[in-house]
Number of protein chains: 2
Amino acid sequence: MTKEVEYKTYTISELSKAFDVTPRALRLYEESGILSPKREGSKRVYFERDKVRLRLLLRGKRLGYSLAEIKELFDIYESNSGEEGQLLLLLETMEVKRKQLETKKIDVEIALQEIEKVTNTARKTLKEISATKN
Amino acid sequence: MTKEVEYKTYTISELSKAFDVTPRALRLYEESGILSPKREGSKRVYFERDKVRLRLLLRGKRLGYSLAEIKELFDIYESNSGEEGQLLLLLETMEVKRKQLETKKIDVEIALQEIEKVTNTARKTLKEISATKN
DNA sequence: TAAAAGATTGACGCTTACGTAAACGTAATA
DNA sequence: TATTACGTTTACGTAAGCGTCAATCTTTTA
């Protein structure tokens with residue numbers, strides 16, 4: 001008794017709409033070795049795995065990582081043989097990334113504080129203006 | 001009695017070392033209209049104001065903003081006449097940026113969580129390995 | 001005073017991350 | 001069956017953000 005599992009698949013345009021990226025970008029991500037859709041003839045067929053990776057990829061981009069860096073991360077993560085050396089490499093890499101992200105987090109928070117300051121000052125001035133008007 | 005105020009100034013190489021950017025970059029930032037050092041003959045002289053702006057610029061970059069966007073922000077902030085329309089524009093702009101930053105904050109936090117998961121899994125596996133060894 | 005250290009202005013080069021168009025194939029639809 | 005929609009590869013174009021000379025000038029410093 002074979003267990004039939006339905007895998008949802010996506011065409012390039014479906015995936016591109018779903019994530020608001022162009023097909024061109026998806027092809028580039030493939031060329032960069034990050035996505036690897038199956039083929040049906042010459043047409044790309046994307047599976048859940050690709051969707052997951054694309055989601056991570058885009059988050060990575062928003063965080064400022066280059067495609068090369070993102071691929072590197074995927075590679076390290078996947079090449080993980082469960083072997084000790086590999087695991088240690090993984091841990092080191094993650095530690096580096098973690099520190100970068102903590103720094104970024106601080107950058108974001110400082111920026112938010114600055115925005116708040118500017119905003120408060122502007123609001124005060126506005127209030128004074130409307131008070132003067134009356 | 002004239003009040004003499006000492007302003008600390010910087011040469012391009014001093015500032016470049018202080019912020020770990022190349023002189024070339026500083027010249028580009030000037031060309032982009034973000035920095036505007038005074039001149040002593042043909043030589044650039046940077047004041048505190050430039051230092052402050054550079055610090056903000058670099059944070060902006062780390063947050064993923066382009067030089068053009070950064071300049072735009074400075075422009076809006078400075079063109080602020082205290083006039084009502086300008087203040088409202090400033091508030092709107094800041095609100096947009098604030099939302100972007102909140103999104104980025106979430107991205108960072110999700111990424112940190114993912115790193116934690118991967119890290120924990122790797123650590124567990126490592127423990128199992130060292131247990132087997134004995 | 002000669003040489004080294006820093007500065008300046010071009011100007012061309014390079015990488016990343018796509019955009020865009022061309023030329024072509026296949027499949028669904030009017 | 002003709003057209004429209006969607007897909008493919010190939011390839012050139014582009015914008016941003018510098019890197020890297022080259023040629024020249026000025027100022028220290030040995």
Side-chain angles (χ1 to χ4, degrees), chain A residues 8-47 50-51 53-75 97 100 104 107, chain B residues 7-47 50-51 53-75 97 100 104 107 111:
Chain A
K8 177 143 202 226
T9 66
Y10 307 83
T11 68
I12 194 168
S13 60
E14 284 169 351
L15 200 63
S16 105
K17 274 168 202 159
F19 284 87
D20 196 34
V21 293
T22 64
R24 175 69 178 93
L26 292 180
R27 294 193 187 103
L28 176 68
Y29 300 156
E30 179 176 353
E31 208 182 293
S32 307
I34 303 178
L35 299 183
S36 30
K38 296 276 158 37
R39 297 293 176 125
E40 228 169 60
S42 70
K43 293 185 178 166
R44 290 168 175 80
V45 182
Y46 296 88
F47 285 78
D50 303 295
K51 231 180 123 176
R53 290 174 74 103
L54 180 54
R55 199 188 314 283
L56 288 168
L57 189 168
L58 294 177
R59 177 152 46 237
K61 287 207 55 186
R62 288 197 301 271
L63 292 174
Y65 292 106
S66 70
L67 293 182
E69 289 174 293
I70 293 171
K71 175 182 163 41
E72 217 187 307
L73 278 178
F74 277 126
D75 285 353
K97 297 299 168 187
Q100 288 174 9
K104 193 152 305 225
D107 276 333
Chain B
Y7 283 111
K8 178 144 201 226
T9 65
Y10 308 83
T11 68
I12 194 167
S13 59
E14 284 170 352
L15 201 63
S16 106
K17 274 168 201 158
F19 285 87
D20 196 35
V21 293
T22 65
R24 175 69 177 92
L26 292 180
R27 294 193 185 104
L28 177 68
Y29 300 156
E30 179 176 353
E31 209 180 292
S32 306
I34 302 178
L35 300 183
S36 30
K38 295 276 160 34
R39 296 295 175 121
E40 230 169 60
S42 70
K43 295 187 176 166
R44 290 169 175 80
V45 182
Y46 296 88
F47 284 78
D50 302 296
K51 230 180 126 177
R53 290 174 74 104
L54 181 53
R55 199 188 314 282
L56 289 168
L57 190 168
L58 293 176
R59 178 152 45 238
K61 287 207 56 186
R62 288 197 301 271
L63 292 173
Y65 294 105
S66 69
L67 294 181
E69 289 174 292
I70 294 170
K71 176 183 163 41
E72 218 187 306
L73 279 178
F74 276 127
D75 285 355
K97 297 298 168 188
Q100 288 174 10
K104 192 150 306 218
D107 277 333

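Here is the naming used below: chain letters follow the sequence lines, and residue numbers restart at 1 for every chain.
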Please give, in whole Å, the distance from D:dG17 C1' to B:Glu69 CD?
14 Å

Is the phosphate of D:dC12 approached by A:Arg24 (side-chain N or O, under 4.0 Å from OP1 or OP2)?
no

Within the structure shown, what part of the strands sits under 4.0 Å from A:Ser32 by heavy-atom distance: base, sugar-phosphate, or nothing?
nothing

Among D:dC6, D:dG17, C:dT8, which is the nearest nucleotide to the side chain of B:Leu28?
D:dG17

Checking all strands, does B:Arg44 fall into the base, sugar-phosphate, or nothing category for heavy-atom contacts under 4.0 angstrom?
sugar-phosphate

Less than 4.0 angstrom between a side-chain N/O of B:Thr22 and OP1 or OP2 of D:dG19, yes or no?
yes

Contact between A:Leu57 and A:Leu67 at the side-chain level, heavy atoms closer than 4.5 Å - yes or no?
yes

B:Ile34 CD1 to D:dC18 P: how many Å, rounded?
10 Å

Between B:Lys38, B:Arg39, B:Arg24, which is the residue that forms a salt bridge (Lys or Arg N to Asp or Glu O under 4.0 Å) with B:Glu30?
B:Arg39

Using whole Å, report how far NZ of B:Lys43 lies from C1' of D:dT24.
12 Å

For A:Arg55, which residues count as a salt bridge (Lys or Arg N to Asp or Glu O under 4.0 Å) partner, sequence neighbours excluded?
none

Take atom CG of B:Leu26 and atom P of C:dT9, then tell me their distance rounded to the nearest Å.
13 Å

Regarding the side chain of A:Lys61, the nearest nucleotide among C:dT8, C:dC18, D:dG7 is C:dC18

Remember a base hit wins even if backbone is also touched, and classify A:Thr11 as base, sugar-phosphate or nothing at under 4.0 Å, heavy atoms.
sugar-phosphate

In this structure, how many angstroms lie between the P atom of C:dC18 and the CG atom of A:Leu35, rounded?
12 Å

Would you say B:Tyr29 places a side-chain N or O within less than 4.0 Å of OP1 or OP2 belonging to D:dC18?
yes

Kindly point out which of D:dT9, C:dG19, C:dT9 is positioned nearest to the side chain of B:Arg39?
C:dT9

Spacing of B:Glu31 atom CD relative to D:dA15 atom P, expressed in whole Å
15 Å

Please give, in whole Å, the distance from C:dG6 P to B:Glu40 CD?
17 Å

Considering all heavy atoms, the nearest B:Gly33-B:Arg53 contact
O-NH2, 4.4 Å

Expressed in angstrom and rounded to an integer, what is the separation of A:Arg27 atom CZ from D:dC12 atom P?
18 Å

Side-chain N or O of A:Ser66 closer than 4.0 Å to phosphate OP1/OP2 of C:dT15
no

Pairing residues for A:Lys71 by the salt bridge (Lys or Arg N to Asp or Glu O under 4.0 Å) criterion, not counting sequence neighbours
A:Asp75

